[in-house]
Enquirer: 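I have a structure here, written as structure tokens, and I will follow up with some questions on it.
Note that this is a predicted model, so its numbers are computed, not measured. Lettering follows sequence order; numbering is per chain, from 1.
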Number of protein chains: 2
Amino acid sequence: MTVPATTPDDVAAIVRRAAEASALWRRSTIGDRVGALGAVADALDAHADELIAEAQRETHLPEPRLRGEVRRTSFQLRLFGEVLEEGTWLDARIDHADGDWPMGAPRPDLRRQLEPIGPVLVFAASNFPFAFSVAGGDSASALAAGNAVVVKAHRGHPRLSAATTTVVRDALTSVGAPAGLFDTVYGTEAGVQALKDPLIQAAAFTGSIAGGRALFDIAASRPQPIPFYGELGSVNPAFVTRSAASERGQDIVEGFVASVTGSAGQLCTKPGVLLVPADSGLDALLASASLPGPAPLLNDGIADGFREAVEATASHDAVEVLAGSTGASGDPAPVLLRTTAAALRADHESLISEMFGPAALVATYEDETEMVAVAEVLEGQLTATVVGSEDDTIATELVPVLATKAGRVLWNQWPTGVSVTWAQQHGGPYPATTAVGTTSVGAAAITRFLRPVSYQNMPDALLPPALRAANPLGIPRRVDGALTTS
Amino acid sequence: MTVPATTPDDVAAIVRRAAEASALWRRSTIGDRVGALGAVADALDAHADELIAEAQRETHLPEPRLRGEVRRTSFQLRLFGEVLEEGTWLDARIDHADGDWPMGAPRPDLRRQLEPIGPVLVFAASNFPFAFSVAGGDSASALAAGNAVVVKAHRGHPRLSAATTTVVRDALTSVGAPAGLFDTVYGTEAGVQALKDPLIQAAAFTGSIAGGRALFDIAASRPQPIPFYGELGSVNPAFVTRSAASERGQDIVEGFVASVTGSAGQLCTKPGVLLVPADSGLDALLASASLPGPAPLLNDGIADGFREAVEATASHDAVEVLAGSTGASGDPAPVLLRTTAAALRADHESLISEMFGPAALVATYEDETEMVAVAEVLEGQLTATVVGSEDDTIATELVPVLATKAGRVLWNQWPTGVSVTWAQQHGGPYPATTAVGTTSVGAAAITRFLRPVSYQNMPDALLPPALRAANPLGIPRRVDGALTTS
């Protein structure tokens, strides 16, 4: 038994209730929100066993991976509580009136902070049924920012979505959060309807380029366009220098294969292209690498898409199979393809393309400067990785170019595994995301669901607490241009 | 003699040179950029007389207003220099590796900062030929952020645009900035072509809702959508409480009329709707207020648009002329229209609409709660103003609602005059802007032209200076979650 699609009337009612709840929640205290996030985190942990069992049935992901994901999910809910209490997220700024302001006109008293944007629509992802789904990072940061959340469940795990929704709602109710603050809708049409609803003020998405772009276009073409934070596709190229290849060939191959095949390759940060020196023997090591066996992917659609993407790349004139196989029936098996860096540059639009699943394209270069040339033709990426040695002079050219192409640039670590921290950046130029200035993972993600408001000449009693003279929240603020830590 | 439209070949070449210059400028030091901004500011001041003379011929704006605007323009260039040196704009974050990170997996070393987004296209405005035009705020913040700038000149002041471009380019050349870092194109088609050019990575605009929306749609429908920071239209409602009306009626009328008619009403923050108590006599004071005489508007298109907008409002069944007149031939004259708050609520889509020029609609209310009801139906605004007394209980309801609708909420000051400060917010929900999370005035405007990049496990020598262990820039940074002021 699956979960029925939400009817149009029910979608409208859920969004309306979310808008009403959002108007209340925006006036909640930081303490209220920290309490709510903590209650949701505790409830997820308490219900982990039953939720993980459901997730295993619906996603084919193994139990240890899912257990780690639940831990990550409750952790990030609590981390946003820490973010809230630290207070910098408000970006509080106070400029006192200044009759001698050198602009040529007196400066009025101006005080600025970030405030909730309004009800947020979250499109859940298939590949992280917890961390990027109903109670995942987008929901956590939107709630933390003071907004109601409507989740559009992913069709890949509807029963888990319903069960998680119940856990979240019960937890929110237990701490007295407004009714309607959090709810979930089911079905593609329901998601589109919610996205078009004038009450929704921002949307977040994690998924494919095609799906994400279609929704981005809807968000942008509304009478009132709204921010659409889409995390779409990424190839996550990795570049192995000559010295690294010669010094640590076997280590590199093992790390790369593990990163490509972990979670059956169904990670948005999977390294999909690897550049290696042609004469290093690294391609031979890769050809004889031990690959995991076939494994079921998340759902049939993803499996079909994977086979098509691999076939498209493998059938290219300049590509051959390096390890594994492409044509097996049944569950997809890991496969490594091979080409040259010259071919990659010449036809980068075809060859540097995401294969969502356990596959990667290995490209051999003759000269290290070819890595820079490939970097120059990249589209936007979530990550780019350099495997090198500290005295590689090529790195001083390569890293700055990669920083213009990717949200995260790694050195001698593999990009899968996205730590939830203060300094994490999970984003990048299109098509990695539709919002290059933002992140969907880490403390800075909260900013997406906030908007700045300045108060001019406002009496202290009418100001939000963060901007009052006495600094009752005890937060860092910028006063007359100077940063003050409480 | 006017300035010819830029040819398609020339537009392509200008954008290409800008992209090359942007790649160099992004690696410039903070000192380089501060020097460049200062050189441009000094050059504008040095050439002020000749530029102002040209501006008077092309815009009909009076000399004192233009002189003040030049001062504002050079001031904001220098302010962005201060912003750069203070360093918080980099949002530098350092998370050291942590094997016990409670997420369930070790935290790698992650370091994040904001970096230049790439070449920026700036659409200049008609009504601020200096401060929101060639060398205006958008150009200043984009250059400060480390980007090349291509300006699309406004057709209302082409010769001034060309002269200003020369001043800016000569100043940049004098300090050794890359060739092509700053240039200007002319003509509607040239602007559209530049906006569609794949090398352009962000665009900024100040102008009408119709024009801005058309360009936003182009930016959003590119193969690679890019951020489009449009500042479009705003009615800037103002709300007078009962006590304020009875205590300071004459002051309020004089301040309001001055704000409506200053710069012939051609300010995006002009208060276009004023709510007043019905029985306060304020409408009678407004009816007998001394209005300035007719004055030429910026250009014929704006004059025609003003007449149409006033006529559309004045012909509404619930509207009458309160002061001034609508039908005169020749230069437009200031006019105040009158309706009721009830009518405003009932047909807010028709009546709460921008009339760009010296006109406003005065709406009388019977009960102060009607102000809250009108606030609830507002579209997004740049500003909203409350004229009240500190013991007005209605203010505690009204201000929080207005904060959900406007980027700046004022108390007992008029919204025209947008101070350039650290805490300024010039923005708001659509249609005030197309990017609700951003500002186009003040120190925070620089963020629009930056994007975050994280470096994982990166050797110190390969990190940007802001993220190195020794903090060579001496800037505030967030280290392991805690804000440190150098």
Enquirer: So which of A:R72, A:E379, A:Q76, A:R478 has the biggest tally of heavy-atom pairs under 4.5 Å with chain B?
Expert: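 Winner by heavy-atom pair count: A:R478.
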Enquirer: Name the option with the most non-hydrogen atom pairs under 4.5 Å to chain A; the candidates are B:M458, B:R93, B:Q425.
Expert: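 The answer is B:Q425.
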Enquirer: Below 4.5 Å from any heavy atom of chain B, which atoms of A:P227 appear? Answer side chain, backbone, both or neither.
Expert: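 Contact with chain B is through the side chain of A:P227 alone.
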Enquirer: Taking B:R448's backbone N and O only, do any of them form a donor-acceptor pair with B:Y229's side chain (distance below 3.5 Å, no angle check)?
Expert: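 Checked: pair present.
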Enquirer: If you tally heavy-atom pairs under 4.5 Å against chain A, which of B:P223, B:G104, B:P459 wins?
Expert: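 Maximum pair count with chain A is reached by B:P459.
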Enquirer: So for A:L114, is it side chain, backbone, both, or neither that comes closer than 4.5 Å to the heavy atoms of chain B?
Expert: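 Answer is neither: A:L114 stays 4.5 Å or more from chain B.
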Enquirer: Of the backbone (N, CA, C, O) and the side chain (C-beta and beyond), which part of B:V399 lies under 4.5 Å from a heavy atom of chain A, both, or neither?
Expert: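 Contact with chain A involves the side chain of B:V399 alone.
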Enquirer: Using non-hydrogen atoms and a 4.5 Å limit, figure out which bit of A:F449 sits close to chain B: side chain, backbone, both or neither.
Expert: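 For A:F449, no heavy atom lies under 4.5 Å from chain B.
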Enquirer: I need the residue from A:A23, A:A482, A:A220 with the largest number of non-hydrogen atom pairs under 4.5 Å to chain B.
Expert: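 Counting heavy-atom pairs under 4.5 Å, the top option is A:A220.
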Enquirer: For chain B, which of A:G437, A:A202, A:P102, A:G68 has the most heavy-atom pairs under 4.5 Å?
Expert: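 With the most close heavy-atom pairs to chain B, the winner is A:P102.
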Enquirer: When only pairs under 4.5 Å are counted, which of B:E390, B:R26, B:E86, B:R111 shares the most heavy-atom pairs with chain A?
Expert: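 The option with the most such pairs is B:E86.
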Enquirer: Ignoring hydrogens and angles, tell me if any N or O in the side chain of B:S454 forms a donor-acceptor pair with the backbone of B:R112 under 3.5 Å.
Expert: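 No; zero donor-acceptor contacts below 3.5 Å.
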Enquirer: Under 4.5 Å heavy-atom distance to chain B, tell me which part of A:V436 shows up: side chain, backbone, both or neither.
Expert: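 Its backbone and side chain both get close to chain B.
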Enquirer: Please assess B:Q456 against A:Q424 for the test side-chain hydrogen bond (donor to acceptor under 3.5 Å, both in side chains), listing each intermediate value before the final yes or no.
Expert: CA-CA 9 Å; B:Q456 182 172 328; A:Q424 183 57 277; 5.1 Å; no
Enquirer: Would you mind telling me which of A:T88, A:T73, A:T421, A:L402 has the largest number of heavy-atom pairs within less than 4.5 Å of chain B?
Expert: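 Most heavy-atom pairs under 4.5 Å with chain B: A:T421.
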Enquirer: Apply the test side-chain hydrogen bond (donor to acceptor under 3.5 Å, both in side chains) to residues A:T383 and A:N236: give CA-CA distance (whole Å), side-chain angles for both, the deciding distance (0.1 Å), then the verdict.
Expert: CA-CA 5 Å; A:T383 73; A:N236 307 299; 2.7 Å; yes
Enquirer: Look only at the side chain of A:T439 and the backbone of A:A444, and say whether a donor-acceptor pair between them is shorter than 3.5 Å.
Expert: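 The answer is no, because no donor-acceptor pair under 3.5 Å joins these two groups.
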Enquirer: Can you tell me which portion of B:D217 sits under 4.5 Å from chain A's heavy atoms? Options are side chain, backbone, both or neither.
Expert: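 Looking at B:D217, just its side chain touches chain A.
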Enquirer: Check for a donor-acceptor pair, side chain of B:R408 on one end and backbone N or O of B:P415 on the other, with a separation under 3.5 Å.
Expert: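 Yes; at least one donor-acceptor contact below 3.5 Å.
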Enquirer: Please determine, among A:R213, A:Q224, A:Q201, A:Q113, the option with the most heavy-atom pairs under 4.5 Å with chain B.
Expert: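 When all of A:R213, A:Q224, A:Q201, A:Q113 are compared, A:R213 has the most.
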Enquirer: Can you tell me which of B:S74, B:G442, B:P429, B:A435 forms the most heavy-atom pairs within a distance under 4.5 Å of chain A?
Expert: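 With the most close heavy-atom pairs to chain A, the winner is B:P429.
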Enquirer: When you look at A:W422 and A:V83, which way does the side-chain contact (heavy atoms from CB on, under 4.5 Å) test go after all the steps?
Expert: CA-CA 9 Å; A:W422 293 86; A:V83 169; 3.8 Å; yes
Enquirer: Can you spot which of B:R67, B:R65, B:R71 makes a salt bridge (charged side-chain N to carboxylate O under 4.0 Å, His left out) with B:E69?
Expert: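 Of all the options given, the one that passes is B:R65.
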Enquirer: Is a donor on one side and an acceptor on the other found under 3.5 Å between the side chain of A:N457 and the backbone of B:W411?
Expert: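 Answer holds: yes.
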Enquirer: Would you mind checking which part of A:R27 comes under 4.5 Å of any heavy atom in chain B, side chain (CB onward), backbone (N, CA, C, O), both or neither?
Expert: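 Answer is side chain: those atoms of A:R27 sit under 4.5 Å from chain B.
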Enquirer: Which answer fits B:A395, side chain, backbone, both or neither, if we ask what part of it has an atom under 4.5 Å from a heavy atom of chain A?
Expert: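 B:A395 touches chain A through backbone and side-chain heavy atoms alike.
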Enquirer: For chain A, which of B:L79, B:L410, B:D480, B:V401 has the most heavy-atom pairs under 4.5 Å?
Expert: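 The answer is B:L410.
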Enquirer: Out of B:P116, B:A406, B:G427, which one racks up the most heavy-atom pairs below 4.5 Å with chain A?
Expert: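 Highest number of pairs under 4.5 Å: B:A406.
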Enquirer: Measure from the side-chain N and O atoms of B:T433 to the backbone N and O of B:Y430, and report whether any donor-acceptor pair falls under 3.5 Å.
Expert: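 Judged by distance alone, no pair lies under 3.5 Å.
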Enquirer: Answer yes or no: is there an ion pair linking A:R78 with A:E82, defined by an N-O contact shorter than 4.0 Å?
Expert: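 Here A:R78 does not pair with A:E82 in a salt bridge, since their nearest N and O are not under 4.0 Å apart.
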Enquirer: Under 4.5 Å between any side-chain heavy atoms of B:D98 and B:H96, yes or no?
Expert: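 No, side chains not in contact.
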Enquirer: Side chain, backbone, both or neither: which part of A:V418 has a non-hydrogen atom closer than 4.5 Å to chain B?
Expert: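 Interface part for A:V418: backbone (N, CA, C, O).
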